[in-house]
Amino acid sequence: MDYDILRKQMVENQIISRGISDKRVISAMLKVPRHLFVSENQRHEAYNDYPLPIGEDQTISQPYMVALMTELMCLDGDEKVLEIGTGSGYQTAILAELAKEVYTVEIIESLSMNAKHILNELGYRNIKFRIGDGYNGWKEYAPFDDIIVTCGPSDVPQPLIDQLGEGGKLVIPVGYSFQTLTILEKINGELRKTESIECRFVPMTRKYNFN
Ligand code: SAH
């Protein structure tokens with residue numbers, strides 16, 4: 001398998017052709033070896049146009065969804081970002097390429113540990129990992145310049161709104177079963193809401209005894 005060729009084709013056929021134009025997002029998608037974030041027997045499918053299982057009933061998001069959500073965050077490289085739902089760590093790697101610091105929270109310990117291992121191996125040093133319920137964000141390091149949520153709550157968690165800095169964007173799929181990709185921007189302390197496409201993420205689960 002020539003993964004570099006598959007990755008180029010993925011970017012051309014799934015990302016650029018669907019309208020993603022942020023050059024930094026495109027180069028991060030060209031760089032990060034997505035096949036290393038799935039199990040060996042799934043590597044041949046890693047660059048296909050769909051999510052894949054990563055164990056524990058969870059999935060690595062479809063490449064286009066990763067690119068779209070990242071583009072919506074409008075990162076320029078100076079940001080401190082919060083990610084809820086580390087999962088495979090693939091989206092985390094894309095964020096680590098494009099922001100200054102990434103704080104990532106995952107509720108399932110084994111997934112967080114796997115993601116940490118691969119991201120360390122790939123040399124990322126600007127990521128902090130936390131195992132816990134991301135509904136509560138990560139108060140200790142707030143405020144964040146931008147926040148991305150890659151699991152679907154039925155409502156926007158208030159702690160995430162509180163931890164979003166002035167001028168920041170919260171990109172989050174909202175809804176039960178199917179969601180609307182929603183962008184909340186904090187301007188003068190008020191939230192401005194815009195909606196993007198319909199999407200389907202695994203639900204945001206809650207473990208009240210975690211925090
Ligand atoms: N961006 C990831 C998506 C993984 S799927 C990737 O592309 O690999 C969503 C992840 O959110 C799952 O790993 C799931 O365990 C996690 N999750 C669900 N509810 C959560 C919560 N309350 N806090 C933190 N993570 C949560």
Side-chain angles (χ1 to χ4, degrees), residues 10 14-15 25 28-29 32-39 42-43 45-73 81-99 102-119 122 124 127-139 141 144 146-161 163 170-179 181 199-211:
M10 170 193 86
Q14 302 171 37
I15 310 292
V25 174
M29 301 289 296
V32 176
R34 180 173 163 95
H35 60 283
L36 298 181
F37 293 84
V38 300
S39 62
Q42 280 173 326
R43 291 209 169 139
E45 284 185 279
Y47 295 97
N48 292 358
D49 195 12
Y50 43 76
L52 285 171
I54 54 170
E56 309 281 354
D57 287 332
Q58 307 302 324
T59 53
I60 177 173
S61 304
Q62 178 196 20
Y64 172 66
M65 189 55 66
V66 174
L68 175 62
M69 292 178 85
T70 310
E71 183 169 74
L72 289 170
M73 293 171 81
V81 302
L82 175 66
E83 177 191 38
I84 306 301
T86 315
S88 65
Y90 174 68
Q91 170 83 69
T92 321
I94 298 288
L95 295 172
E97 290 285 342
L98 299 175
V102 184
Y103 293 80
T104 186
V105 184
E106 169 58 55
I107 203 163
I108 299 176
E109 183 174 4
S110 60
L111 293 179
S112 179
M113 306 286 277
N114 285 345
K116 190 174 185 175
H117 178 75
I118 172 73
L119 289 163
L122 288 172
Y124 292 103
I127 306 170
K128 280 198 164 54
F129 299 83
R130 179 177 186 199
I131 297 160
D133 185 352
Y135 183 94
N136 299 313
W138 197 339
K139 208 173 171 188
Y141 292 102
F144 297 96
D146 296 284
I147 302 178
I148 178 173
V149 181
T150 64
C151 46
S154 37
D155 293 297
V156 181
Q158 186 61 42
L160 299 185
I161 294 173
Q163 292 172 29
L170 167 57
V171 178
I172 180 168
V174 186
Y176 184 72
S177 169
F178 283 90
Q179 300 99 15
L181 188 56
C199 52
R200 190 158 201 199
F201 280 82
V202 297
M204 176 180 271
T205 53
R206 303 298 317 280
K207 285 190 185 159
Y208 294 99
N209 58 347
F210 255 82
N211 282 287

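One-based numbering, in listed order, for ligands and for the atoms of each.
- Under a 4.0 angstrom heavy-atom cut-off, V66 registers as lying outside contact with ligand 1.
- Shortest contact from atom 12 (C) of ligand 1 to any protein heavy atom: Q58 OE1, 3.3 Å.
- Counting all heavy atoms, side chain and backbone alike, V32 lies closest to A93 at CG1-CB, 3.8 Å.
- Evaluation of the ring pair (Phe, Tyr, Trp, His ring centres under 6.0 Å) rule for Y103 yields W138, Y141, F144 as partners, not counting sequence neighbours.
- In this structure, F37 and Y90 have perpendicular ring planes: the angle between them is above 60°, well past the 30° mark.
- Ranking the protein heavy atoms by distance from atom 25 (N) of ligand 1 puts I107 N, 3.3 Å first.
- On a distance-only criterion, T205 and ligand 1 share at least one N/O pair closer than 3.5 Å.
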message: What verdict does the side chain to side chain donor-acceptor pair (under 3.5 Å) test give for S61 and Q91, after you've listed the backbone C-alpha separation in whole Å, the side-chain angles of each residue and the deciding distance to 0.1 Å?
response: CA-CA 8 Å; S61 304; Q91 170 83 69; 5.8 Å; no
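- In terms of modelled atom types and a separation under 3.5 Å, the side chain of T150 and the main chain of G85 share a donor-acceptor contact.
- Close approach of ligand 1 to I60 is summarised as follows: ligand atoms under 4.0 Å from at least one heavy atom of the residue are 6 (C), 7 (O), 8 (O).
- Closest to atom 11 (O) of ligand 1 among all protein heavy atoms lies G85 CA, 3.3 Å.
- The closest approach between a heavy atom of P153 and any atom of ligand 1 is not below 4.0 Å.
- Nearest protein heavy-atom neighbour of atom 5 (S) of ligand 1: T59 O, 3.1 Å.
- No side-chain donor-acceptor contact under 3.5 Å links T104 to the backbone of L82.
- Listed by number with element, the atoms of ligand 1 under 4.0 Å from a non-hydrogen atom of V202 are 5 (S), 9 (C).
- Under 4.0 Å from ligand 1, not a single heavy atom of T92 appears.
- Every atom of ligand 1 is numbered from 1 in the order shown, and the set under 4.0 Å from a heavy atom of V105 is 24 (C), 25 (N).
- Distances below 4.0 Å separate heavy atoms of G132 from the following atoms of ligand 1: 23 (N), 24 (C).
- Of the inter-residue distances, the one linking T205 atom OG1 with I108 atom CD1 reads 6.0 Å to the nearest 0.5 angstrom.
- A donor-acceptor contact closer than 3.5 angstrom links the side chains of N48 and Y50.
- Taking the side chain as every heavy atom from C-beta outward, P51 and R200 never approach each other to under 4.5 Å.
- Among protein heavy atoms, atom 9 (C) of ligand 1 sits closest to T150 O, 3.2 Å.
- Residue-ligand proximity, Q91 to ligand 1, at heavy-atom distances under 4.0 Å covers atoms 1 (N).
- Atom numbering of ligand 1 starts at 1 in the shown order; those under 4.0 Å from a heavy atom of L111 are 13 (O).
- Evaluated by nearest non-hydrogen atom to atom 6 (C) of ligand 1, the leading choice among C151, G55, S88 is S88.
- Near I108, with a cut-off below 4.0 Å to any heavy atom, the atoms of ligand 1 are 15 (O).
- Side-chain contact annotation: Q14 with Y47, donor-acceptor N/O pair under 3.5 Å absent.
- Heavy-atom proximity to D133, at under 4.0 Å, picks out these atoms of ligand 1: 21 (C), 22 (N), 23 (N).
- When atom types are taken as modelled, the side chain of E106 and the backbone of S112 share no donor-acceptor pair closer than 3.5 angstrom.
- Proximity of P203 to ligand 1 is established by a heavy-atom distance of less than 4.0 Å.
- Comparing heavy-atom distances from atom 23 (N) of ligand 1 across S61, G134, P63 singles out G134 as nearest.
- Among all non-hydrogen protein atoms, the one lying nearest atom 15 (O) of ligand 1 is E106 OE2, 2.6 Å.
- Formation of a donor-acceptor pair under 3.5 Å by the R130 side chain with backbone atoms of V105 is not found in this model.
- For residues 82-98, the set of pairs meeting the salt bridge (Lys or Arg N to Asp or Glu O under 4.0 Å) definition, not counting sequence neighbours, comprises K31-E97.
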